[in-house]
Undergrad: 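Quick one: the structure is below, questions incoming.
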Amino acid sequence: MPAVTAVAHPNLALVKYWGQRDLVRQLPLNDSISVNLSGATTTTTVQFDATLDEDEFELDGARPTEKASTRVSAHLEQIRALAGITAYARVWSHNSFPTGIGIASSASGFAALTLAGTRAAGLALDSRALSSLARLGSGSACRSIPHGFAEWRAGTGEESYAVQLAPPEHWDLQIVTVYFDPQPKAISSLEGHRAAPSSPFFEARLQQLGDTLATVRRAVLERDFSTLGMAVEREAISLHLIAMSSRVAEQPQLSGIYYWQPQTLALIHAVQRWRAEGLEVYFTLDAGPAVHLLCEAQNRAALLEAVGALLPTLGGRLLVSTPGMGARVVEEGEGEI
Ligand code: ADP
């Protein structure tokens, strides 16, 4: 069968997904909006081969953990079931950025695997079906399928997928991600999702999200940066308020979930200061210490200079992105590669 190579980018949520209505089928409780990050790429090749005794998965030139391989095999199993084939597959994948530190390699990883895997199995799924399937590998992977800005509709039944809100060229927004050496995460995102409804403020967040989604959707469509930035910043804090006030059943010694590190707070303060000084920058944060800084194209150099001055103290590294493409096939060929 043909070897197919696909690429995908991780996506940055502007309106976050936090809390699931179905943990197994990765169905979210709320809609979310994201933008693909052009500066980070996963490239994945899949080839089904009837002579294999099991699936083989290589990530960045090495055999990944048992857990990561099992997750990939479980996803290939879904693809085999859809395509009506039984052959195992070889999967080679490369992330151009660090894995497992909060830049969403799981999203780009499962988006690329879904596209390469389905095509290698002889399927030609449309964007919705690909997005739905990618979601089963990792919830937010569904948002890495469409090009540019995406909206993930939570849905009410089994159907839940992301659709394009605007193409990448719609807006040359600049996204500067400041990330730090991996710290062992006390609580995984999965546990965070599970614990979210225990926060006394969770219902209030869900109620407010309708307005936030409308504001962010409109701000993206109208390229209204000031409105977008403030809404996105407040939305990120809302997620962290939920995390900090959640109860993790298995870890009763924790009063809440704290994803921030001192560097995270230093950057939050820096952003407030930069805005007061006239540099319009906003931040957003996911379930980890990394900080994503947003600005318009004309402020990119000023932002890079401002953040660059803090790096020696903070010890972080930078990844610079604009709105990225969705998942796409880059090579399709017969035989070994
Ligand atoms: P993050 O998504 O922020 O990088 P997570 O811990 O949520 O961190 O996800 C990392 C996991 O995602 C890995 O341990 C692995 O299971 C999976 N993953 C990462 N990259 C890939 C890839 N290219 N292909 C398949 N799975 C991947």
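Both backbone and side-chain heavy atoms feed into the values below; hydrogens, waters and symmetry mates do not. Remember, it's 1-based here, ligands and their atoms both numbered in the order they're listed. Owing to the predicted nature of the structure, the values given are computational and were not obtained by experimental measurement.
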Undergrad: Which of the atoms in ligand 1, numbered in the order shown and given with their element, are less than 4.0 Å from a heavy-atom of Ser93?
TA: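 This gives 22 (C), 23 (N), 24 (N) as the contact atoms.
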Undergrad: Given Ala104, Ser105, Pro10, which has its nearest heavy atom closest to atom 4 (O) of ligand 1?
TA: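 The residue whose heavy atom sits nearest atom 4 (O) of ligand 1 is Ser105.
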Undergrad: Quick one: which ligand 1 atoms are inside 4.0 Å of a heavy atom on Gly109?
TA: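 Here the atoms of ligand 1 in question are 21 (C), 22 (C), 23 (N), 24 (N).
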Undergrad: If I take atom CD from residue Glu296 and atom CG from residue Leu173, how far apart are they, to the nearest 0.5 angstrom?
TA: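 Answer rounded to 0.5 Å: 7.5 Å.
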Undergrad: Atoms of ligand 1 less than 4.0 Å from Thr99 heavy atoms?
TA: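 The list of qualifying atoms is 4 (O), 19 (C).
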Undergrad: Can you find an N or O of Gly100 that's nearer than 3.5 Å to an N or O of ligand 1?
TA: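 Yes, at least one N or O pair falls under 3.5 Å.
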Undergrad: Side-chain donor-acceptor pair under 3.5 Å between Arg135 and Ser160, yes or no?
TA: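 Their side chains do not contain a donor-acceptor pair, so the 3.5 Å distance test is not met.
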Undergrad: Mark up the atoms of ligand 1 that fall under 4.0 Å of a heavy atom belonging to Ala68, in ascending order.
TA: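 Contacts of ligand 1 toward Ala68, numbered from 1: 15 (C), 16 (O).
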Undergrad: Run Glu235 and Arg205 through salt bridge (charged side-chain N to carboxylate O under 4.0 Å, His left out) and show every step you take.
TA: CA-CA 9 Å; Glu235 156 57 12; Arg205 168 176 164 76; 2.9 Å; yes
Undergrad: Going through the checks in order, is the side-chain hydrogen bond (donor to acceptor under 3.5 Å, both in side chains) test met by Ser38 and His9?
TA: CA-CA 6 Å; Ser38 70; His9 301 290; over 6 Å; no
Undergrad: Please report the shortest heavy-atom distance between Arg143 and Ala162, naming the atom on each side.
TA: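 Heavy atoms only, the tightest pair is CA-CB, 3.8 Å.
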Undergrad: What I want to check is whether the side chains of Thr99 and Ser105 have a donor and an acceptor closer together than 3.5 Å.
TA: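 No - no donor-acceptor pair under 3.5 Å links their side chains.
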Undergrad: Under 3.5 Å, side chain of Gln174 to main-chain N/O of Asp172, donor-acceptor pair present?
TA: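 Yes, because the side chain of Gln174 sits within donor-acceptor range (under 3.5 Å) of the backbone of Asp172.
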Undergrad: I need the contact type for Leu59 against ligand 1. Using non-hydrogen atoms and a strict under-4.0 Å cut-off, is it side chain, backbone, both or neither?
TA: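 For Leu59, only side-chain atoms sit under 4.0 Å from ligand 1.
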Undergrad: We want to know whether Lys16 and Thr284 form a side-chain donor-acceptor pair, criterion being a heavy-atom distance below 3.5 angstrom.
TA: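 Judged by distance alone, the side chains do pair up.
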Undergrad: Would one find an N or O of Gly102, backbone or side chain, under 3.5 Å from an N or O of ligand 1?
TA: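 In this structure, Gly102 places an N or O atom under 3.5 Å from an N or O of ligand 1.
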Undergrad: Find the distance between CG (Leu82) and CZ (Arg80) and round it off to the nearest 0.5 Å.
TA: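 Leu82 CG to Arg80 CZ: 12.0 Å, rounded to 0.5 Å.
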Undergrad: Looking only at distances, please establish whether an N/O atom of ligand 1 is found under 3.5 Å from an N/O atom of Thr42.
TA: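 Not met; the criterion fails.
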Undergrad: Side-chain contact test, heavy atoms from C-beta onward, threshold under 4.5 Å: evaluate it for Leu293 versus Trp274 and give yes or no.
TA: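 Yes. Closest side-chain heavy atoms under 4.5 Å.
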Undergrad: What are the atoms of ligand 1, with element, lying closer than 4.0 Å to any heavy atom of Phe57?
TA: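 In order of numbering, the contacting atoms are 24 (N), 25 (C).
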Undergrad: Side chain, backbone, both or neither: which part of Asn95 has a heavy atom under 4.0 Å from ligand 1?
TA: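 Side chain only.
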Undergrad: Can you tell me the protein heavy atom closest to atom 26 (N) of ligand 1 and the distance?
TA: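 Here the nearest protein heavy atom works out to Phe110 CE1, 3.8 Å.
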Undergrad: Would you tell me which option among Ser106, Ser188, Ala111 has the nearest heavy-atom contact to atom 12 (O) of ligand 1?
TA: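 Considering heavy atoms of Ser106, Ser188, Ala111, the nearest to atom 12 (O) of ligand 1 sits in Ser106.
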Undergrad: Specify side chain, backbone, both or neither for Leu113, according to which of its non-hydrogen atoms lie closer than 4.0 Å to ligand 1.
TA: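 Neither part.
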Undergrad: For Ile103, take its heavy atoms, then give the atoms of ligand 1 lying under 4.0 Å from any of them.
TA: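 Taking each heavy atom of Ile103 in turn, ligand 1 has 3 (O) under 4.0 Å.
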Undergrad: To the closest 0.5 Å, what do you measure between OH (Tyr282) and CG (Leu14)?
TA: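 It is 14.0 Å, given to the nearest 0.5 Å.
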Undergrad: Which ligand 1 atoms does Val72 reach within 4.0 Å, using its non-hydrogen atoms?
TA: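 So the answer, numbered in order with elements, is 25 (C).
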Undergrad: Enumerate the atoms of ligand 1 whose separation from the nearest heavy atom of Arg71 is less than 4.0 angstrom.
TA: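 Every atom of ligand 1 under 4.0 Å from some heavy atom of Arg71: 11 (C), 12 (O), 16 (O).
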